[in-house]
Each structure stands twice: as structure tokens, then as C-alpha cells.
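Reading through the C-alpha cells given below for one structure.
Letters A, B, ... are given to chains in the order of the sequence lines, protein chains preceding strands, and every chain is numbered from 1.
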Protein chains: 2
Amino acid sequence: MYIRRDIFQAIADPTRRAIITLIAFQTMTPNAIAEHFDITRQAVSKHLRILTECELVKQQSEGREIYYQLQINKMKEIDKWLDQFRKIWETRYSQLDTLLANIKDKKKK
Amino acid sequence: MYIRRDIFQAIADPTRRAIITLIAFQTMTPNAIAEHFDITRQAVSKHLRILTECELVKQQSEGREIYYQLQINKMKEIDKWLDQFRKIWETRYSQLDTLLANIKDKKKK
DNA sequence: TATATAAGCAACCACATGGTTTCGCAAAAT
DNA sequence: ATTTTGCGAAACCATGTGGTTGCTTATATA
């Protein structure tokens, strides 16, 4: 067993996914984020630490407040990983298209 | 705490991601899969159980062998979740395009 | 200056996770 | 008929995870 702190582990937790969605459009402070959940601010802080560690989120201090911002580019890593499968499902679809075309063709004859 | 057995939790583990990639193109038996890793066949079996539970994988018995097949369509759920962010990063890119266009424009003048 | 507020950190806890070994069972091979 | 093989299930173990409470520090505000 080893310490994993990658983006896939980060998005595994539903609360973390909700936080990501929440701050996707505007930066937010831990307190503001915590208001949306039934967990303590400290728990939110721990989630934000994990998100920060895998660079999904960036801090921005403003006085005693810390605004957290989603690093949307990091999300593309998931998209990139999906690419290998996207190729497959597109192929399968085109095969289905061919199959359907053949059936159509046979009916005509 | 509650039991999570969703696709995001399934792909959180690196070994599980490797298994998914491995069987993406051809069905494989647990033994054949286990040969690719430094873990026991039983450990692979546990991973396959998790993948089966969230319907990422389907079994296909053939005598005493069981072939595991990736349900590629299930992978689209991740793609679907990414959609909300895809919109954002495409907007940011078009904003960047506008910015670059403006700079170009100013140079001309 | 004293106090309230925002946030991180540390210690703690119950339960989840990923691995192992051992076992049992059914199918194939001898 | 006996042995080998392929597999899953169960019990067990160390470590990870997600939450809590309590504390400290820094900035605002009375």
C-alpha cells in the first residue's frame, strides 16, 4: 500500500465532487462551502487540502479569508484518460451504424 | 459513512484502472489478468467483484473459466459528469481566443 | 486593547480498503 | 476414479479515509 493523491482518488468522494461543482463557477471560502453540507468546516478543510494536494484547487488569500478556486485545466486529465475508451466506443458505434445500414439494405432487396 | 459502490470509487484504484485498460480490447479470465500484476489472483478477483458491482464489467462463463468484459458504455458516465466542466474550459478557451485576437488587433493599429 | 471571526492543525475514532492465506467447489484432464 | 485447475468466499490484518472535537494563529472590529 502506498499513498495515493491523484485526481482519480480526489474525485472518488461524493462530497469532494460536490465541492468541485460548487466552486467551478466562483471562488469560495471554506465557511461558505461548509454551509452547503452537513459536515463541519474542518471536514471541508480536509477535503480542500486533498484537492489542493493534487492541484485541482488553488488558494487565494484575502485578509483572513482564503478563497478556493477550481483549476479547471486539471480536470482535463480525466478527459485525457477517457480518450483510450472514447476511441473504442466510437468504433463500436460506427460498427452499429454499419450493421443497421446492412439491415436496411437487406430489407430493400 | 455509507457504502459507496459507484463508478468514481471504482476507478479510484490504480490497479482497477489498469485492469479496465487491460480488458478494454479483449475479454480475459482472472488468472490471465493476475499475470499482469504483482498481486494474487484472489486480489484481482476482489477488484473484479467491485467492477462487476458497479456494472463496469460483465462476466461470461465458459466451462470452468470466467471471462470478464468491459462494459464500455458505463465509461460514458464519467464523460457525462465531465460535461459540466467541459463547458467551462471551452468558454475559457474562447475567452483566451478573444483576448489574443484583441492583442493582435492592437498591434495592427 | 479586548473580542469576535476565519481558518488550519493535531489527536482521536469507527469503518472502509486492499492485500493476504486458507478453504471449498465445480469442471477438465489424467 | 483421482488429480489438477480455475474460481469465488471467508477470515484476517495493516493501513487509509472521513468525520469529529479542541486548540492555535491571524485578521477585523467594538
Residue-phosphate contact under 4.0 Å: B/Arg16 side-chain N/O, C/dG18 OP1/OP2 = yes

Should B/Gln59 be listed as having a side-chain N or O under 4.0 Å from OP1 or OP2 of D/dC7?
-> no

Taking atom [atom2] of [N] as reference, at what distance in whole Å does atom [atom1] of [X] sit?
{"X": "B/Gln60", "N": "D/dG8", "atom1": "CD", "atom2": "P", "value": "14 Å"}
{"X": "B/Gln9", "N": "D/dT17", "atom1": "CD", "atom2": "P", "value": "12 Å"}
{"X": "A/Ile66", "N": "C/dT5", "atom1": "CD1", "atom2": "C1'", "value": "13 Å"}
{"X": "A/Glu65", "N": "C/dT5", "atom1": "CD", "atom2": "C1'", "value": "9 Å"}

Hey, which of A/Ile19, A/Leu51, A/Ile20, A/Thr27 is the one that makes side chain to side chain contact (heavy atoms under 4.5 Å, CB included) with A/Val57?
->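 With A/Val57 as partner, A/Ile19, A/Leu51, A/Ile20, A/Thr27 yield a single side chain to side chain contact (heavy atoms under 4.5 Å, CB included), made by A/Leu51.
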
Looking only at heavy atoms, the pair that brings B/Lys74 and B/Ile7 closest together is O-CD1, 3.2 Å

Closest heavy-atom pair and its distance - A/Gln71, A/Glu55 =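 Shortest heavy-atom separation between A/Gln71 and A/Glu55 comes out as CB-O, 3.7 Å.
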
Pair B/Glu65, B/Tyr67: side-chain N/O donor-acceptor within cut-off below 3.5 Å |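 Present: a donor and an acceptor within the cut-off.
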
Residues in contact with DNA chain D, drawn from residues 38-54 of chain B - heavy-atom cutoff 4.0 Å |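 Per residue number, the list reads B/Arg41, B/Gln42, B/Ser45, B/Arg49.
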
Going by number, which of residues 26-35 of chain B have a non-hydrogen atom under 4.0 Å from DNA chain D?
->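 Here the set is B/Thr29, B/Pro30, B/Asn31.
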
Is the base of C/dA27 touched by the side chain of B/Arg64 through a donor-acceptor pair closer than 3.5 angstrom?
-> yes

B/Arg49 with B/Glu53: basic N within carboxylate O range, under 4.0 Å =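 Yes, B/Arg49 and B/Glu53 are salt-bridged.
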
Can you check whether A/Arg17 reaches B/Asp6 side chain to side chain, under 4.5 Å on heavy atoms?
-> yes

With a 4.5 Å limit on heavy-atom distance, are the side chains of B/Met28 and B/Leu22 in contact?
-> yes

List the steps and the verdict of salt bridge (charged side-chain N to carboxylate O under 4.0 Å, His left out) for A/Asp79 and A/Lys76.
-> CA-CA 5 Å; A/Asp79 201 51; A/Lys76 291 185 192 171; over 6 Å; no

Scan A/Tyr68 against the nucleic acid and name what it touches under 4.0 Å (heavy atoms): base, sugar-phosphate only, or nothing.
->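 Sugar-phosphate contact only - A/Tyr68 comes under 4.0 Å of backbone atoms but never of a base.
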
Going through the distances and angles, do A/Lys80 and A/Asp83 end up as a salt bridge (charged side-chain N to carboxylate O under 4.0 Å, His left out)?
-> CA-CA 5 Å; A/Lys80 223 168 119 187; A/Asp83 257 356; over 6 Å; no

